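Residue indices begin at 1 and follow the sequence shown. Computed from a predicted model, the values in this text were never measured in an experiment.
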Amino acid sequence: MTARTATLVGIWLAIAVLMVAVGLAAVQITNWMLTGGVVQPMSSGEIQRRLDTQPAITPDPENSVAGAGEPRVFTSPGGRVLAVCVGQDQAALTGWNPAIGYRSHLVQDGPAREAVVLFRHEDGATVRAAVRCTGGFPRLLP
């Protein structure tokens with residue numbers, strides 16, 4: 001290999017290294033501009049504290065714009081439940097989603113007088129989410 005070839009290979013390698021460094025810097029700058037800085041993951045304790053400050057949402061069928069027979073979403077401490085009435089007094093669960101740290105357990109999805117899903121927390125606590133229908137409107141039982 002001649003001195004000229006070695007010099008050209010060295011220049012080519014230097015340019016390649018420089019281009020990789022510029023690309024990495026561009027990605028980091030773009031990330032910083034989009035996120036406003038470094039994003040740190042939250043601990044499970046921080047997640048639970050934030051979830052505890054959020055109010056539970058349970059729609060009131062009398063004040064709802066949805067009609068009878070339409071699915072409703074209810075939120076319990078253990079997770080969310082999607083329920084619908086079959087007829088006037090039969091409840092059916094069409095879906096459920098456990099909250100963080102919970103798993104669904106013992107599902108009686110109906111249609112039945114009462115449709116139930118149990119959410120079990122990883123520490124052993126259990127939350128029962130039961131739905132009944134009254135006049136064609138699903139209601140989350142206390």
Side-chain angles (χ1 to χ4, degrees), residues 1 4-142:
M1 179 186 284
R4 181 178 174 166
T5 304
T7 302
L8 290 175
V9 168
I11 291 172
W12 183 85
L13 286 174
I15 291 172
V17 168
L18 180 63
M19 295 307 292
V20 168
V22 167
L24 290 173
V27 168
Q28 295 230 352
I29 289 170
T30 303
N31 182 37
W32 177 76
M33 290 173 65
L34 292 175
T35 63
V38 177
V39 177
Q40 296 292 328
M42 294 190 305
S43 70
S44 61
E46 290 172 309
I47 292 170
Q48 191 60 47
R49 278 191 295 281
R50 287 196 181 185
L51 288 174
D52 289 342
T53 61
Q54 299 298 316
I57 301 169
T58 53
D60 182 8
E62 283 79 18
N63 296 326
S64 178
V65 295
E70 293 185 26
R72 310 254 173 143
V73 176
F74 298 99
T75 302
S76 75
R80 293 183 182 199
V81 177
L82 182 65
V84 67
C85 289
V86 180
Q88 292 294 311
D89 62 351
Q90 297 287 302
L93 301 181
T94 58
W96 52 90
N97 186 14
I100 295 173
Y102 286 85
R103 292 180 186 238
S104 59
H105 178 74
L106 185 65
V107 177
Q108 298 168 344
D109 58 353
R113 179 166 149 65
E114 186 173 287
V116 180
V117 61
L118 293 179
F119 297 112
R120 180 168 290 156
H121 193 268
E122 53 196 27
D123 68 4
T126 302
V127 175
R128 182 176 186 264
V131 176
R132 281 192 185 170
C133 290
T134 306
F137 291 96
R139 297 179 193 274
L140 184 67
L141 298 177

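Within the 4.5 Å cutoff, the side chain of R139 has no heavy atoms near those of the R132 side chain. At least one side-chain heavy atom of I11 sits less than 4.5 Å from a side-chain heavy atom of T7. Taking the side chain as every heavy atom from C-beta outward, H105 and T126 never approach each other to under 4.5 Å. Under the 4.5 Å side-chain criterion, counting only non-hydrogen atoms from C-beta, H121 is not in contact with V127.
Between S104 and P98, the shortest heavy-atom distance links the atoms N-CG, 3.7 Å. When all heavy atoms of L93 and A115 are compared, the pair lying nearest together is CG-CB, 3.6 Å. Nearest approach of A91 to V131, heavy atoms of both residues: CB-O, 3.5 Å. Between P138 and R72 the shortest heavy-atom distance is CG-CG, 3.3 Å.
One finds the SG atom of C85 at 11.0 Å from the CD atom of E70 (value rounded to the nearest 0.5 Å). To the nearest 0.5 Å, atoms CG (N97) and OH (Y102) are separated by 13.5 Å.
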